[in-house]
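Read through the structure below, which is laid out as C-alpha cells, and then see the notes.
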Amino acid sequence: MNDSTLTYRESDATVVLVDDEEMVLSSLRSFLELETEYGVESFTEPRAALDWAANGAAPDVVVSDFLMPEIDGIEVLRVFAEKHPHAPRILLTGYADKESAIKAINDVGLFQYVEKPWDNEHLLMVLRNALERRFLVKQLQDKIAEIDEARGELSGLQKDILRTFI
Amino acid sequence: MISLRFHHRILALPLLTALAFLLIYAMMNRATEEGSRIIERVQSEFFHALELSHGLQVDAMTIRHLLTNAVSSGNADDVDEAARFAGRVQVVLTDCQGVPLLAARLDSLSITFDEYWFLAHATTLDLMDAEHQLDVDFDTDLLDRVVLMNRRYDELRTLLDEVVAASNEALSEAMQDTRENIAGMRRRLNFISFVFITALLVMAVAAIGGIIRPVHRMSRVAQAIAGGDLHKELDYRSHDAFGELADSFRDMQAALVEDIERREEAEADLIAAQGQIIQSEKMAALGKMVAGLAHEMNSPLGTLISAADTLDRGRRLVGEKCATAGDLEELRRDPRFAKGLRALEQGVGNLTVASERVDELVSGLRAFSLLDQAEYQQMDINEGVAATLTVVDHEVPDEVEIVALAGDVPPILGYPAQLNQMLLAVVRHALGEVTPPSRIEVATAVVGGRVHITVSHDQRLHDAAALAGLFDPGFRSDRDRVRMNWGLVACAAVARRHGGVIRAESGVGRGTIYRVELPADATGARA
C-alpha cells in the first residue's frame, strides 16, 4: 500500500499490540502482515509490553485489550502515554462497559475505542488515521526542530558578525 | 336466675343462706313458743285438774275415815275435823270452776258431795247419839240413812274417779298433741331445710356453672387460637361480668387477628420485596455472567471474523497472483504471493484456535447451566477422584505433584457426570493457581456423617474477599489471562444440587483448601 499521499513509509511505523489472548494477537498480526508493511510488536503479558516501552523502544501506535491479569489495559495505555505521548492509543475490548470507556478516554487521552469483535477494515482505517496523525505531528516536530536549528545558526552568525565588527 | 348479673348470682348465695337461717330460726322460735304454750296449758289445766281431783279424792276418803272414827270412838273432834275437810272440799270445788276440764262435772260433783256430806254429817251425829244411849236399837230409819250415805259416797268416789280418769286422759291427749306437734314441726323443719339446701346447691351449681362455662368456652377458644384457628368464635353472650369478659376476649381476638393479618401482609410485602431483591440479584449475577460471556466470546469471535476476512483477502491475493503470473518461478519469487500463502496458513490456524475456544465456552456454559441431565445413581466418589486425575494428568506442569488420598467413604447417590465435572473443575482451578514446585492432594473422608472431598495445596493465595467471590459468577485471573469464573460457580451449583456445599479456605501456613461436603446419602439432590 504505497499511497503517494502518505506522509510516512508504512515500514517505518511500529504498531504495539497487547492482549492476553494469543489468538487475537495472532489474527491481528496475520491481517496486518498481509495488508500493511507495519512493524508489529505483540505482547500477551502487559508487563512485558511495559518493559519493552521503558527500554528505549519507539512505538507509533498502541492497541490494548482492557481486561487482563495483573495490569488492565487502561494502566498499560497510561504508562505508554507517559513514555510516548505522541503515539496514539487505541483500546480494543470485548468488555463493553461505558464506565471503563469514559475512564480510558479521560485518563489516557484515548484516540479510539474499538469493540471486539472488530472489523479488519475498520481497525485498519483507525490505525491509518492514528499513524497519519502520529507522523504529521512527527513531521511538524521535525520542521520545528529544523527551524529552531536554523535560527540557532542564524543567531550564531549574527554573533560572529558582531564580533568581527567590534 | 341465669339472666341475673354474675355478681348478683354470687351475692344471692349468702343472702339465700341468711334467709334460710332466719326462716329456720323463726320456725324454731315458733315451735318453742308452741311447746311452751302446750306446757303451760298442761300445767294450768291438766295438772291442776289432776291435782284438784286427787285432792278431792283424798279429802273425801279422809272425811269418811274421820266420820267412821268418830262413830267408833265417839270423839266429836273427829266430826269437827271432818267438817273442816268438808269446808275445804267446798272451797276446792269452788276453785275448780276455773278449771275447764272439771267445770263440766262440777255441778254433779258439788251436788253429790253436798248430799253426801249432809247425809254423812247428820247420820254420824245420830249414830254417836245412839252410842251414848247404848240401849237404843238401831232404828231402820237410821240404817237406811247409813246405806244411803254409803251409796252417796260410792257415787262421789265414782265421780271423782271419773274426773281423775278424764284428767289423765286429757293429759295424755295433750301430750300426744304435743308429740304430734313436735313431729310436725320437725317434718316442716326438715322440709324447709331440704328446700333451702337444695336451692342453695342449685344456686351454687348455677353460679359455679356460670363461672366455669364461660371460662371453659374461653379456654377452648383460646386453645383453638393458639392452635392456629384465629377465627374460632366465642359463642358466649351475657350481660354479666363474664359477658363483659367475653366481649373483651372477642375484642382482643379481633385485635389479634387484625394484628396478625397486618403482620402477614407486611410479611408478604417483605417476601415480595425479598423476591424482587433476589430477582435483581439474579439479574445482577446474570448481567455479570453475560458481561463475562461477552468478554469470553468477543475475543474468539473477533478472531474468527478477522481470520475469515484475512483468509478471504489472502485467497483473493493468491488467486490474483496465480492469474497474472507468467510462470511458476515468477510466482515463487513474488513476495506478495508468499505473504498471501502465509496469511492463508495463519488464518486457518487462527480459525481453529478460535473455534476450539468457542466450543470450550459452550461446554462450560452447558456445565454451568447443568443442562446435562446424567442418570441419578449410586457412585463411588473415590472412583470419580481417580477418573478426574486421569483426565487432568496431561495438564499437570512439571514440578507439580498431584496425589489422591482415598479414604473409606460410602457410595453416594447423585449425578456422577456432574460430580466428576465438579471435581475436574476444582482440580483444574487448583492447578491453575499454584506456582511450581507444589503438591496438590485430593482426599476423601467421612466427617460428621458427611462425605468430604478436599483438594488442597500448600500455597496461600486468597484473601477473605477473594475467597468469598470464588463461587460467584464474574471474572477471575489465573496465571496467563483474565477469564470468566465458570468452573467454581458451576461447582457450587453442583454441590448444592446434591444437598451439599463447597467451601474454600486459605491462610498463612495452612495453604489453600477446597472442601466439597456432600450428604453420605445425597437424597437431598433434586431430580
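Note that this is a predicted model, so its numbers are computed, not measured. Protein chains get the first letters and strands the later ones, always in sequence-line order, with residue 1 at the start of each.
- A donor atom on one side chain and an acceptor atom on the other are found under 3.5 Å apart for Ser30(A) and Gln346(B).
- Heavy atoms closer than 4.5 Å to chain B are found in both the backbone and the side chain of Glu121(A).
- Residue Glu320(B) places its CD atom among 12 or fewer non-hydrogen atoms of other residues, nucleotides or ligands, all under 6.0 Å distant.
- Between the CG atom of Leu34(A) and the CZ atom of Arg316(B) there is a distance of 9.5 Å, given to the nearest 0.5 Å.
- Summarising the geometry, atom CG belonging to Asn298(B) is positioned 11.0 Å from atom CG belonging to Leu67(A); distances are rounded to the nearest 0.5 Å.
- The pair Lys339(B)-Glu37(A) meets the salt-bridge criterion, with a side-chain N (NZ, NE, NH1 or NH2) lying under 4.0 Å from an Asp/Glu carboxylate O.
- A distance of 8.5 Å separates CG of Asn350(B) from CZ of Arg29(A), quoted to the nearest 0.5 Å.
- Here Glu21(A) contributes atom CD and Thr303(B) contributes atom OG1; the two are 7.0 Å apart, rounded to the nearest 0.5 Å.
- Using a 4.5 Å cut-off between heavy atoms, Leu317(B) touches chain A through its side chain atoms alone.
- Of the possible polar contacts, one joining the Asn120(A) side chain to the Ser306(B) backbone as a donor-acceptor pair under 3.5 Å is found.
- The number of heavy atoms from other shown groups lying within 6.0 Å of CD (Glu345(B)) does not exceed 12.
- Of the listed residues (Gly349(B), Ala354(B), Ser299(B)), the one with the most heavy-atom contacts under 4.5 Å to chain A is Ser299(B).
- Residues Leu301(B) and Trp118(A) have side chains not in contact (no heavy-atom distance under 4.5 Å, counting atoms from C-beta outward).
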